[in-house]
Amino acid sequence: MTISASSLRVIGGTPLTGEVVVRGAKNLVPKAMVAALLGNTPSTLRNVPNVVDVDVVSGLLKLHGVGVERTDGVLTMDPGRVDHAEPAELNVHAGSSRIPILMCGPLIHRLGRAFIPDLGGCKIGDRPIDFHLDALRQMGAKVRKENDGLYIDAPGGLRGTQIELSFPSVGATEQVLLSAVLATGTTELRNAAVEPEIMDLICILQKMGAQITVHSNRVVRIEGVSELTGFDHWALTDRLEAASWACAALATKGDITVVGAEQEPMLTFLNVFRQVGGQFEVNDGGNGSAKSIRFWCPEGGQLNAVAIETNVAPGFQTDWQQPLVVALTQAEGLSIVHETVYENRLGFTQALNTMGAHIQVYRECLGGSTCRFGQRNFSHSAVISGPAQLHGAELAIPDLRGGFSYLIAALAADGTSTLHGLELIYRGYENFLAKLSSLNAKYEEL
Ligand code: UD1
């Protein structure tokens, strides 16, 4: 995709109203693309958004000999010629993506080895990969760290085993799934993450021929099989982007219909949205129209303060937190947000304060259970006092969700704001400038 502008001038104060289309989940599509490496026939993925992360993974797959073609949201991937890895070029192509770590299992199965360049991704906490490497080691892999990245091989192949995660990490669960499906024997993963995107990945793997059982207590059992075919799959909608637009409707006192949005993966979000005072209407497509959810701010615009805690699914997803905090600056009273997934995902509140918000961050676990960040000096709880009149400011985008949140704040604020570093938003929000335009937002690309 072509990125047009890196900076944006936003003239705030106009309610966002209209309709936007949201396509496949950014947190599923790149992983589904990695799964295509495991098949012995081509795969087709549909509902693929035009975001930078998809370009990055397409580039990585091509370097590994996968034929990748893309037309209008449909991606075909032919892994017929996966016969070599090019470590030097991988460094360049991976950019800031963390997806390469998930290619370990598939590459070991296909080539007997994998090279993983130094990883990027959003700068939210340390984002370590120890769970990934421990799991791979437990399955028989040998990991060698060099200056340019990790060299991994498994002389005897990967084999099934019992793995228990100390935290239900999304990435580590995907790592185990993608490595165990073709391993020898059975793998039992305890304390697995069960986010909707993981369940969709499991559906893809099942279509390919994998044998995976998901038990009710975060236990996932994978019986290794000797080969997998390609898949044909419609990627689930991006519930994180859908929630971002919902929060934009609240913060700007607008009314946005998100076409593609589905109720079930958003259950927890919708409960909180309603508690805050937001209104929504679900169209489940039963009348032959496209599925959608309409989100709007109540008449008079009065919002309620809430206390929330982010958590792994089925809890309140951490990526919903930042856009919601912007809406909470407009709520009457004191809201409390306890971030329990990332130790450092409240840094963006400082910029909101420069725009007139009243947000204080605390090291204590506020408003709920104690989490693994309590007593560890991480500012991971926030108290938001509202409503506050936001005013325009000059803002440097820190990460994907933080960036979109700044955008929402700028749209809700009085006056003009300038945002720098839009590239980070392009990583996960398809066509967001065109969508803003269709919602009557006032902005100018710089
Ligand atoms: C994925 C999502 C991200 C979302 C997050 C949690 C993608 C591309 N990104 O990120 O949008 O916010 O899930 O839902 O799908 N951890 C370790 N060691 C590890 C791995 C993780 O300590 O080896 C910790 C992390 O530092 C973090 C927590 O576990 O505190 C959760 O991370 P994880 O669930 O793995 O997130 P990602 O898969 O990176």
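Just follow the structure's listing: the first ligand is 1, and inside any ligand the first atom is 1.
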Derivation and outcome, ring-ring contact (aromatic ring centres under 6.0 Å, His included), residues Phe373 and Tyr342:
CA-CA 9 Å; Phe373 306 135; Tyr342 288 109; 8.3 Å; no
Check whether the side chains of Thr268 and Gln317 place a donor and an acceptor atom closer than 3.5 Å, and report yes or no.
no
Which of the atoms of ligand 1 are close to Thr318, meaning less than 4.0 Å from one of its heavy atoms?
6 (C), 12 (O)
Short N/O distance, under 3.5 Å, between Ile99 and ligand 1?
no
Could you pull out every donor-acceptor pair under 3.5 Å between side chains of residues 359-366 and any protein atom, sequence neighbours left out?
residue	atom	partner	partner atom	Å
Gln360	OE1	Tyr362	OH	3.0
Arg363	NE	Asn377	OD1	3.2

With only distance considered, is Asp130 within less than 3.5 Å of ligand 1 through an N or O on each side?
yes
Which atoms of ligand 1 sit under 4.0 Å from any heavy atom of His132?
23 (O)
Pro128-ligand 1 polar pair, N/O distance under 3.5 Å
yes
Considering the heavy atoms of Gln317, write down every atom of ligand 1 situated less than 4.0 Å from one of them.
4 (C), 12 (O), 14 (O)
If you draw the axis of the six-membered ring of Phe167, does the NZ or CZ of Arg372 fall within 45° of it and under 6.0 Å from the ring centre?
yes
Kindly write out the residues that satisfy ring pair (Phe, Tyr, Trp, His ring centres under 6.0 Å) with Trp245, not counting sequence neighbours, or none if the list is empty.
Phe404
What verdict does the side chain to side chain donor-acceptor pair (under 3.5 Å) test give for Thr310 and Glu339, after you've listed the backbone C-alpha separation in whole Å, the side-chain angles of each residue and the deciding distance to 0.1 Å?
CA-CA 5 Å; Thr310 63; Glu339 170 60 59; 3.1 Å; yes
Under a 4.0 angstrom heavy-atom cut-off, which atoms of ligand 1 come close to Arg98?
39 (O)
Which atoms from ligand 1 have a heavy atom of Val341 less than 4.0 Å away?
27 (C), 28 (C), 30 (O), 31 (C)
Mark up the atoms of ligand 1 that fall under 4.0 Å of a heavy atom belonging to Lys26, in ascending order.
8 (C)
